[in-house]
Asker: 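Below: one structure in structure tokens.
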Amino acid sequence: MTVSDPVVEEVVATISRSATEIRQGLIGRRGTVDGENPSGETQAEADVWADELLGDRLASIDGVGQYASEERPDVVDCGDDPATSDAYAVAVDPLDGSSNLKSNNAMGTIFGVYDAALPARGETLVAAGYVLYGPITTLVIATDETVAEYELSGGERRLVERDVTVPEEPVVYGFGGRVPDWPDDFRAYAREIERELKLRYGGALIGDVNQVLTYGGTFGYPALESRPAGKLRLQFEGNPIGYVVEQAGGRSSDGERSLLAVEPDELHDRSPLHVGNDELIDRLEAALA
Ligand code: AFP
């Protein structure tokens with residue numbers, strides 16, 4: 001099943017074809033480099049390599065006017081300005097969860113296709129999704145038509161679910177950050193959820209969100225006492241994941257409103273991130289009100 005917009009389909013096909021190569025390329029790139037990413041975090045060799053590989057390929061697609069990555073300080077202009085043309089801007093977290101590389105746990109590649117110049121509100125997304133490097137390499141793509149899941153092998157993608165929806169009954173939860181760093185209102189909410197659902201927290205947003213899409217529940221990386229904006233990046237993680245979960249019938253929130261409605265100031269803005277079943281996000285927002 002291809003995506004109807006030809007430029008979006010080319011972006012998705014490029015990421016899909018690159019995923020097998022990225023997975024293979026993780027071997028031998030598990031160390032860290034001296035540099036830091038624009039968020040001040042240590043970079044794995046694989047972070048830099050995956051960003052260069054995807055950047056070159058995505059920036060060369062006709063119809064892609066901007067490429068931006070969690071690993072690069074600035075937007076790369078690579079075609080018509082999305083602000084004044086029908087070109088798209090592609091934002092990528094090339095390797096989400098790279099600290100899981102050392103421990104050989106799940107990781108992902110996240111992408112968002114914005115019909116606007118970056119930084120942009122999530123409401124301007126026309127497609128978003130992620131590759132999950134798990135036991136099987138899978139690809140989830142959300143458009144305004146549907147959310148579909150594919151298995152990837154040898155650069156090909158095979159459709160396994162054409163209408164992914166968040167299950168009605170929540171089963172799992174995962175909350176990031178350290179418990180003593182949680183604000184009291186969030187901690188009270190978390191204590192309720194912990195008594196109702198099963199803990200699933202793997203340290204890579206993509207692995208944890210895929211649990212929520214598969215079993216129902218909620219994932220959150222909340223505002224922290226030490227970091228009121230939380231840890232995760234709006235353009236590269238919050239918006240794409242918020243779009244996927246909302247298109248799958250769930251909700252997203254920064255604690256007050258849909259992540260897709262948050263107005264960014266800077267390309268690397270962080271935001272508290274909560275996604276999952278409607279009722280759980282309603283309760284979260286009530287707890288933080
Ligand atoms: P890394 O890419 O540095 O491993 O960070 C992964 C991440 O951005 C996101 O994928 C996780 O949900 C979150 O950080 C985990 O953060 P903690 O290490 O604080 O639990």
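Numbering of ligands and ligand atoms starts at 1, following listing order. Fair warning: this is a prediction, and the values are worked out from it, not measured in the lab.
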Asker: Are the aromatic rings of Tyr221 and His274 close, with centres under 6.0 Å apart?
Answerer: no

Asker: Do Asn210 and Tyr130 pair up side chain to side chain, a donor and an acceptor below 3.5 Å, judged on atom types alone?
Answerer: yes

Asker: Every pair of nitrogen or oxygen atoms between ligand 1 and the protein that is under 3.5 angstrom apart - can you list them with their distances to 0.1 Å?
Answerer:
residue	atom	partner	partner atom	Å
ligand 1	2 (O)	Gly97	N	3.1
ligand 1	2 (O)	Ser98	N	3.1
ligand 1	4 (O)	Ser98	N	3.3
ligand 1	4 (O)	Ser99	N	2.9
ligand 1	4 (O)	Ser99	OG	2.6
ligand 1	5 (O)	Lys231	NZ	3.4
ligand 1	8 (O)	Arg233	NH2	3.3
ligand 1	8 (O)	Glu237	OE2	3.3
ligand 1	10 (O)	Asp96	OD1	2.6
ligand 1	10 (O)	Asp96	OD2	3.2
ligand 1	10 (O)	Leu205	N	2.7
ligand 1	12 (O)	Leu205	N	3.3
ligand 1	14 (O)	Lys231	NZ	2.9
ligand 1	16 (O)	Lys231	NZ	3.0
ligand 1	19 (O)	Tyr221	OH	2.7
ligand 1	20 (O)	Tyr201	OH	2.6

Asker: For the residue pair Phe186 and Trp182, does the interplanar ring angle fall in the parallel (under 30°), tilted (30 to 60°) or perpendicular (over 60°) class?
Answerer: perpendicular

Asker: Check this for me, if you would: do Lys231 and Glu237 make a salt bridge, where the nitrogen-to-carboxylate-oxygen distance has to be below 4.0 angstrom?
Answerer: no

Asker: Between Glu36 and Thr42, do the side chains contain a donor N or O and an acceptor N or O under 3.5 Å apart?
Answerer: no

Asker: Please check if any side-chain donor atom of Asp51 sits under 3.5 Å from a side-chain acceptor atom of Ser69, or the reverse.
Answerer: yes

